[in-house]
**Q** 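Dropping the structure in here first, questions after.
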There are 2 protein chains.
Amino acid sequence: MERILAAAWELADEQGLAGISLRDLADRVDLRQPSLYSYFESKHALYDAMFAQGCEQMLEGIHARPVNGDARRVVKEMARRFVALSVENPARAQLLFQRTIPGFEPSAASYAIAQRMFEEGRTRLASVGLTKDRQMDMYTALIAGIVAQQLANDPGGTRWTRLVDEMVDMYLDHNRGNGSRNEAEARSPKASRPRAERPIERGGK
Amino acid sequence: MERILAAAWELADEQGLAGISLRDLADRVDLRQPSLYSYFESKHALYDAMFAQGCEQMLEGIHARPVNGDARRVVKEMARRFVALSVENPARAQLLFQRTIPGFEPSAASYAIAQRMFEEGRTRLASVGLTKDRQMDMYTALIAGIVAQQLANDPGGTRWTRLVDEMVDMYLDHNRGNGSRNEAEARSPKASRPRAERPIERGGK
DNA sequence: GTCTATATGTGGATAGAC
DNA sequence: GTCTATCCACATATAGAC
């Protein structure tokens with residue numbers, strides 16, 4: 001079962017997340033294709049298990065970073081770690097943060113893990129005074145952009161990952177004053193957020 | 001032929017880029033599936049035509065923006081336009097800027113259009129003094145992150161697109177001094193880029 | 001739990017008449 | 001250029017013996 005998931009990640013890495021076939025997967029673990037149905041009742045169930053495992057891996061990776069100390073250091077370490085984890089396993093990043101598998105939605109249980117992962121990030125930011133939704137959204141966009149560009153345009157390289165520190169510096173400089181109104185909002189007050197709180201990175205339609 | 005491409009975009013929008021089937025596509029334009037082979041010699045050729053058309057649309061959209069004037073205005077207008085074009089047609093953004101179709105690489109001719117699009121952006125940035133590769137990379141990451149988050153976590157909404165102006169302000173504030181050494185590089189000189197110039201947003205492996 | 005055998009569906013692509 | 005007919009590969013999923 002562990003081996004099945006491990007093989008699934010291998011396949012996803014080689015042929016893309018959607019490119020996993022139960023035949024290939026069965027071959028990897030020396031089973032016949034129908035035997036997989038003893039472990040997963042459908043292919044989506046396999047994705048769901050991968051989703052849950054992927055969330056746990058990200059959660060561990062980020063949780064292993066310090067919470068206290070210099071704001072810049074805390075945020076940078078989280079960012080570096082998150083980017084590294086995403087880039088080292090593109091399929092995982094794709095499964096967790098994009099919407100590429102038609103029809104797949106994580107189960108409630110798996111989704112709960114994703115929420116914990118997201119809250120972990122929110123907590124880190126809050127611990128350095130970045131408590132607003134808008135600040136969190138800017139942060140996730142920053143990180144997501146680095147990961148997206150790295151994976152799409154320089155897979156295996158470091159062209160964008162090496163920008164993490166500077167991007168975080170830029171972000172923290174911009175949010176100097178931590179949590180209070182920042183320059184941009186002072187400039188255009190109407191831009192402040194009317195939206196309802198969104199608990200997790202996967203709301204939407 | 002125009003109608004075929006239009007129908008292809010429709011399908012891509014509804015079922016995902018990879019979800020286009022030649023059967024469905026033929027139905028949309030009242031043809032039989034094999035008849036499409038009079039227009040495209042393969043499915044990849046269809047994607048290639050879509051790629052070229054998508055590039056042209058982006059190019060037009062960005063080209064229609066002013067080049068001269070206030071730096072903030074020029075960069076913001078380009079960013080807004082780019083983000084709007086990406087978000088309004090997710091399939092196009094996916095085809096042009098991600099690597100999701102297994103085995104698909106644009107033809108040389110289509111790729112040339114992509115280069116022009118990229119150079120258009122580079123020119124705009126250069127016109128306000130942002131001439132370094134590193135600055136361009138940060139800019140593309142910024143924009144890509146907004147688009148990625150918007151599409152993945154709030155499709156149809158404006159949760160991240162509304163951050164464009166603030167993100168650009170943050171970016172330009174950080175790069176105050178236009179083209180000269182910025183704060184982060186002054187801080188860690190070793191971080192400056194040893195890499196060779198990369199001409200276009202799709203190098204990599 | 002694992003197997004063989006098979007159902008059932010969907011792709012892209014080709015042959016050849018008109 | 002468009003059609004009918006068909007090929008062939010591959011997918012997920014199920015039935016039922018062991």
Side-chain angles (χ1 to χ4, degrees), chain A residues 1-54 90-92 94-95 98-107 110, chain B residues 1-54 90-92 94-95 98-107 110:
Chain A
M1 170 72 163
E2 257 176 50
R3 290 177 57 232
I4 295 177
L5 279 177
W9 286 116
E10 274 181 33
L11 277 173
D13 186 45
E14 295 166 18
Q15 314 189 1
L17 196 57
I20 298 178
S21 85
L22 297 185
R23 278 178 167 74
D24 293 346
L25 180 54
D27 281 351
R28 290 282 172 113
V29 293
D30 290 310
L31 283 178
R32 305 296 176 174
Q33 175 253 329
S35 303
L36 292 176
Y37 282 81
S38 299
Y39 298 90
F40 306 100
E41 65 180 359
S42 73
K43 196 183 185 183
H44 274 20
L46 167 67
Y47 282 128
D48 193 58
M50 294 174 73
F51 183 92
Q53 193 181 57
R92 180 173 55 200
Q94 193 185 349
L95 180 59
Q98 294 181 354
R99 298 175 167 268
T100 64
I101 307 293
F104 170 69
E105 291 289 325
S107 66
S110 302
Chain B
M1 171 71 163
E2 257 175 52
R3 288 178 57 233
I4 295 177
L5 279 177
W9 286 117
E10 274 182 34
L11 277 174
D13 185 46
E14 295 167 18
Q15 313 189 4
L17 196 56
I20 298 178
S21 86
L22 297 184
R23 282 178 166 76
D24 292 348
L25 180 55
D27 281 352
R28 289 283 172 114
V29 293
D30 289 309
L31 283 178
R32 305 296 176 174
Q33 176 252 331
S35 302
L36 292 176
Y37 282 80
S38 298
Y39 299 91
F40 306 101
E41 65 180 0
S42 73
K43 195 184 184 183
H44 275 20
L46 168 66
Y47 283 127
D48 193 58
M50 294 173 74
F51 183 92
Q53 192 180 59
R92 181 173 54 200
Q94 192 185 348
L95 180 60
Q98 293 181 352
R99 298 175 166 267
T100 65
I101 307 294
F104 170 68
E105 290 291 324
S107 65
S110 302

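Order of the sequence lines fixes the chain letters, A, B, ..., with proteins taken first and strands second; residue numbering starts at 1 for each chain.
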**Q** Report yes if some heavy atom in the side chain of A/Leu46 is under 4.5 Å from a heavy atom in the side chain of A/Leu36; otherwise report no.
**A** no
**Q** Rounded to the nearest angstrom, tell me the gap between atom CG in B/Asp24 and atom C1' in C/dG9.
**A** 13 Å
**Q** Compare side-chain N and O positions of A/Ser35 against OP1 and OP2 of C/dC3 and report whether any pair is under 4.0 Å apart.
**A** yes
**Q** Looking only at non-hydrogen atoms, find the nearest pair between A/Glu41 and A/Ala45 and report the distance.
**A** N-CB, 4.0 Å
**Q** For a quick test of your reading: what N or O donor-acceptor pairs under 3.5 Å do the side chains of residues 1-10 of chain B make, sequence neighbours left out?
**A**
| unit_1 | atom_1 | unit_2 | atom_2 | d |
| --- | --- | --- | --- | --- |
| B/Trp9 | NE1 | B/Gln53 | OE1 | 2.7 |
| B/Glu10 | OE1 | B/Arg28 | NH1 | 2.8 |

**Q** How close or far is atom P of D/dA11 from atom CG of A/Leu36, stated in whole angstroms?
**A** 13 Å
**Q** Mind checking whether B/Leu17 and B/Gln98 have side chains closer than 4.5 Å, heavy atoms only?
**A** no
**Q** How many whole angstroms separate atom CG of B/Leu31 from atom C1' of D/dT4?
**A** 14 Å
**Q** Taking CG from A/Asp30 and C1' from C/dT2, how many angstroms apart are they, rounded to a whole number?
**A** 13 Å
**Q** Do the rings of B/Tyr47 and B/Phe104 sit parallel, tilted or perpendicular, given the 30° and 60° boundaries?
**A** tilted
**Q** Which whole-number value in Å describes the distance from B/Leu25 CG to C/dT10 P?
**A** 17 Å
**Q** What are the two closest non-hydrogen atoms of B/Asp48 and B/Glu105, and how far apart are they?
**A** OD1-O, 4.5 Å
**Q** Separation of B/Phe104 atom CZ from C/dG12 atom P, in whole Å?
**A** 15 Å
**Q** What string of B, S and - do you get for nucleotides 12-18 of chain D, 5' to 3', when a contact is any protein heavy atom under 4.0 Å?
**A** BBB----
**Q** Whole angstroms only, please: what is the CD1-C1' distance between B/Ile4 and D/dG1?
**A** 11 Å
**Q** Nearest whole angstrom, please: distance from the P of C/dT2 to the CZ of A/Phe40.
**A** 12 Å
